[in-house]
Amino acid sequence: MNKANRVFAVILIFVSIITFFLSSGYPAEVSAWPRFFAGVLIILSVGMIIDSFISPKREAEIDVYGILKTEGKFAGIILLVTIVYLLLMKYIGFLIMTPFYIGFILKFLSYGNWRKILTLSVVIPFVIIVVFQVFLTVPLPQGILTDFINQFRIGGAL
Amino acid sequence: MDVMIQAISIVVQPTNLLVMVLGVIFGIIIGAIPGLTSTMGVALMVPVTFSMEPASGLILLAAVYCASVYGGSISAILLNTPGTPAGAATVIDGHEMTKKGMSGLALGMSAIASGFGGIVSAIILMTLAPFLAEQALRFGPPEYFAVAVFGLTIISSLAGKNPFKGLMVGALGLILASVGMDPVKGFSRFTFDNPNLLDGFSLIPVLIGLFSTSQAFILMRNKIQEEQVIAEIKGRVIPPLPELIRLLPNLIRSSLIGTGIGIIPGVGTDPAAFIAYNEAVRWSKHPEKFGTGILDGVAAPESSNNGVTGGSLVPLLTLGIPGNSVSAVFIGGLLIHGLKPGPLLFQKSGDIVYALFLSLFLINILFTVIGLSGAKLFTKVLDIHPIVLGTLILLLSSVGSYSINNNLFDIWVMLGFGVLGYFLRILKAPLAPIVLSIILGPMAEQSFGQALLMSSGSYSIFFTRPISLVFLIIAVITFVAPFIRKKVATAAH
C-alpha cells in the first residue's frame, strides 16, 4: 500500500502543478482559491510520502498493483467498451446500441449461457426505455432511429 | 398551520403515496444486496426525480434513504454480511439468532426497531429544524463562510485510517470545485472554452460517477460470485408484546443516540449503530448475553442507524451542510428542483419541507409493514449475480446522468468521476470528502469574497461577528478532534 500511496501522492502533486500552471494567466483574485488548495495538496502529498516511511504500517498491506493487473484489466476493458458505446450511441442510438453493449459485457465477463445473455440484452433496454422515455419523458438519444421513434411519439406510444 | 395543512395535502396525494411505496421497495432491495449502499441507491434515484414534482422527488429520495438503511439488516441477519455498513453491528446478534433458528424474529425485530428509530428521529427533525432554520436567517456572508468551513472540517473525521489521504481527496475536490466561472468575478477557470464547464461539473453526474459507476466497476470486477448461504426464514416474525415493552427503554435510548449522532456532521450510520450497541450492553442487566443472539442486540443498532436518517437532515436542511455522503447526494435532489438548502428553504418552500417531514413518518411505518410482511420476498434479490447488477448500474448511471440536462457531456463527467472513484476505492481513500468539497467549496469561496467586500478586505469580519466566530471555533475543534481521539486511543493501547 505504501508504494501505491506514494504514486498517488506524486500524481496529486502533478495535478497541483498543472493547477498552478493553468491558473497563471488568471487575475490574482480569481486564481487565489484554486492556487491555495493546490498548495495545500502539495503539502499534504509530501506529508503522506514522508509519513509512509515514518509509519509504514499505518494501513494494512494491499497489493494494489496486483488488483489493477488482474481485476483492473476487466474494469479497463469495460471502460473502453463503454466509451465506444457512448460515442456510437449519439449516432446509432440507444435502442440499437444498448442490447449489443449489454450482450458484450455479459459475455465478456462469462455470465451464464447465451439464452440468459440474450434475454437480459433485450429486457434491460426495453425496461429502461419504458421507464425513462415513456414515464419520465427523457428523450434518450436514438440516433438513426430518431425519426422512427418520433413517429411513435406522435402516435402516442413514445 | 396553513403550511402544515398544505403539507398534509401533498403527502396524502395518491401519487406521493405510490412514490413512497416504490421508494421503500427499491430502498429495501438496495440495502439488502451486499455491496450496494444507501448513497448509491439515492444517487441513482436523483435523476428519476427530475421530472417529478419537487415534493414527490424528495419523498422518493427519503423513502430510498430510510428503507435502504433498514434493508442492510436483512443480509446481516441471513447472510452474516451486512447489506450496508449501517448493518454491521446487527450481524453480531442478528446472525446468531439465525443460527438458533430465530431468523424470523430477528428480521421482525429489525423492522420494528428501524421504524421506531426513524420515527423518533423524524419527531426530533420536525421540532429542531424549524427552530435552527429561524436562527440561521440572521446569517450573512461571514457566517455562511464559517458554516462552510465547519462543513469542510468534517473531512478530518471521514478521512479513515490514513488522515493524509482523506484530506488530500478533500483538497483535490476543492480544486475540482473551482472549475467554471468564479463565483465573485464571473471569470471562467479551467473550462478550456467548453461551454459545458461554465457552471462547473454538474453535481448529479459527479455523485452518480463517484458512488454508483465506481461501484459498478467493482461489482463487475468480482467475476466469480462467492457461494452464498442464504439462511431460511424460520420461526415467528413479530416479537411478543411483553418483549417489545421490555425493549422500549433500549429502543428509545438507541434512537436518541442515532438521531444525535446523525445531527453531528461526519459521524454516520455505522458508528451510531455500534455506539448504541455498546450502550445497550452497558445498560443491560445481562451484558454477557449480548453476542449470543438476543433481541436486544438487534434492537439497539437498528433503531440507532435509522435514527441517523432524520438527524442527518437537520444540518442539511437548516444550514446546507451535508452530514454524511447520503445527505450530500440528497442536496443534489434538492438542487435539481431549484431548492437551495438553508434557512430560506423553510420560508420559500415550507410546504415542501413539511411534506418531507410528514412523509418520513409514513415511510418509516411503511417499511416496517413491508419489511415484516415481505422479508421472504426480499431475500430473493440476494440471488442476483453481481455481473448483472454491475451492468445494470452502469447503464442506469449513464441514462440517469444524461436525463438531467439531456446532455451527453454529463455522461462523460459521470464516467470520469466513476474512474476516479474506482481508483480511490482501490486505494482505500474515502469518497465523501471529494463530494463535501464540491458542494461546500463554491459556497465557501462565494461567501468569503462577499464577506471581504463587506469589510473592505479586512479578515477581522470573520472573528468579530459572534456566530461566525463560534462556527470557526467549532470548525477547529471538529478538525482537530479525530486526530486527538486517535492519539489518545493509541496511547491507551
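Computed from heavy atoms alone, side chains included, the values below leave out hydrogens, waters and symmetry copies. Just so it is clear: chains get the letters A, B, ... in the order the sequence lines come, proteins before strands, and each one is counted from 1.
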_Contact origin within B/Leu394 toward chain A - heavy atom pairs under 4.5 Å_ = side chain
*Of the backbone (N, CA, C, O) and the side chain (C-beta and beyond), which part of B/Leu452 lies under 4.5 Å from a heavy atom of chain A, both, or neither?*
neither
*Max heavy-atom pair count under 4.5 Å with chain A, selected residue of B/Lys185, B/Met52, B/Met168*: B/Met168
_Ring centre gap for A/Phe132 and B/Tyr402 strictly below 6.0 Å_ = no
*In residues 25-35 of chain A, which residues are in contact with chain B at a heavy-atom separation under 4.5 Å?*
A/Tyr26, A/Pro27, A/Glu29, A/Val30, A/Trp33, A/Pro34
*Is it the case that more than 12 heavy atoms not belonging to B/Asp193 sit under 6.0 Å from its CG atom?*
no
*Any idea how B/Phe217 and B/Tyr422 line up, ring-wise: parallel (<30°), tilted (30 to 60°), or perpendicular (>60°)?*
perpendicular
*Given side chains that start at C-beta, do those of B/Phe211 and B/Leu44 come closer than 4.5 Å, heavy atoms only?*
no
*For B/Phe423, is it the side chain, the backbone, both or neither that has a heavy atom under 4.5 Å from a heavy atom of chain A?*
side chain
*Given a strict heavy-atom distance threshold of 4.5 Å, which part of B/Leu427 is in contact with chain A: side chain, backbone, both, or neither?*
both
*Flag yes if more than 12 heavy atoms outside A/Phe14 fall under 6.0 Å of its CZ atom; otherwise flag no.*
no
*Please check if atom CZ in A/Phe100 has more than 12 non-hydrogen atoms from other residues, nucleotides or ligands closer than 6.0 Å.*
no
*Name the region of B/Leu408, side chain, backbone, both or neither, that has any atom closer than 4.5 Å to a heavy atom of chain A.*
side chain
*Take atom CG of B/Asp199 as the centre, draw a 6.0 Å sphere, and report whether it contains more than 12 heavy atoms from other residues, nucleotides or ligands.*
no
*Return the option, out of A/Thr82, A/Thr98, A/Leu79, A/Val131, with the maximum number of heavy-atom pairs under 4.5 Å with chain B.*
A/Leu79
_Under 4.5 Å from any heavy atom of chain B, what part of A/Leu87 do you find: side chain, backbone, both or neither?_
both
_At a 4.5 Å cut-off on heavy atoms, which part of B/Ala444 comes close to chain A: side chain, backbone, both, or neither?_
both
*Assess the side chains of A/Arg6 and A/Ser52: does a donor N or O sit below 3.5 Å from an acceptor N or O?*
yes
*Can you tell which of B/Val179, B/Leu176, B/Leu392, B/Val388 has the highest number of heavy-atom pairs within less than 4.5 Å of chain A?*
B/Val388
*Do the side-chain N and O atoms of B/Asn16 and B/Ser56 include a donor-acceptor pair separated by under 3.5 angstrom?*
yes
*Counting only heavy atoms closer than 4.5 Å, note whether A/Phe36 contacts chain B via side chain, backbone, both or neither.*
neither
*B/Val48 portion near chain A, given a 4.5 angstrom heavy-atom threshold*: both
*Output field: ring centroids A/Phe108/A/Phe74 closer than 6.0 Å*: yes
*Does the ring centre of B/Phe417 sit less than 6.0 Å away from the ring centre of B/Phe201?*
yes
_Residue B/Ser437 versus chain A: region with a heavy atom under 4.5 Å_ = neither
*asked:* Using heavy-atom distances under 4.5 Å, tell me whether A/Pro141 contacts chain B through its side chain, its backbone, both, or neither.
replied: both
*Stepwise ring pair (Phe, Tyr, Trp, His ring centres under 6.0 Å) check, B/Phe462 with B/Phe448*: CA-CA 9 Å; B/Phe462 300 111; B/Phe448 180 75; 5.6 Å; yes
*asked:* Does B/Glu53, at its CD atom, have more than 12 non-hydrogen atoms belonging to other residues, nucleotides or ligands within less than 6.0 Å?
replied: no
_Interchain contact, B/Thr391 with chain A, by part (heavy-atom threshold 4.5 Å)_ = side chain
*Heavy-atom count around B/Phe483 CZ within 6.0 Å, excluding the residue itself: above 12?*
yes
*Between A/Leu86, A/Ile43, A/Val40, which has the largest tally of heavy atom pairs under 4.5 Å with chain B?*
A/Leu86
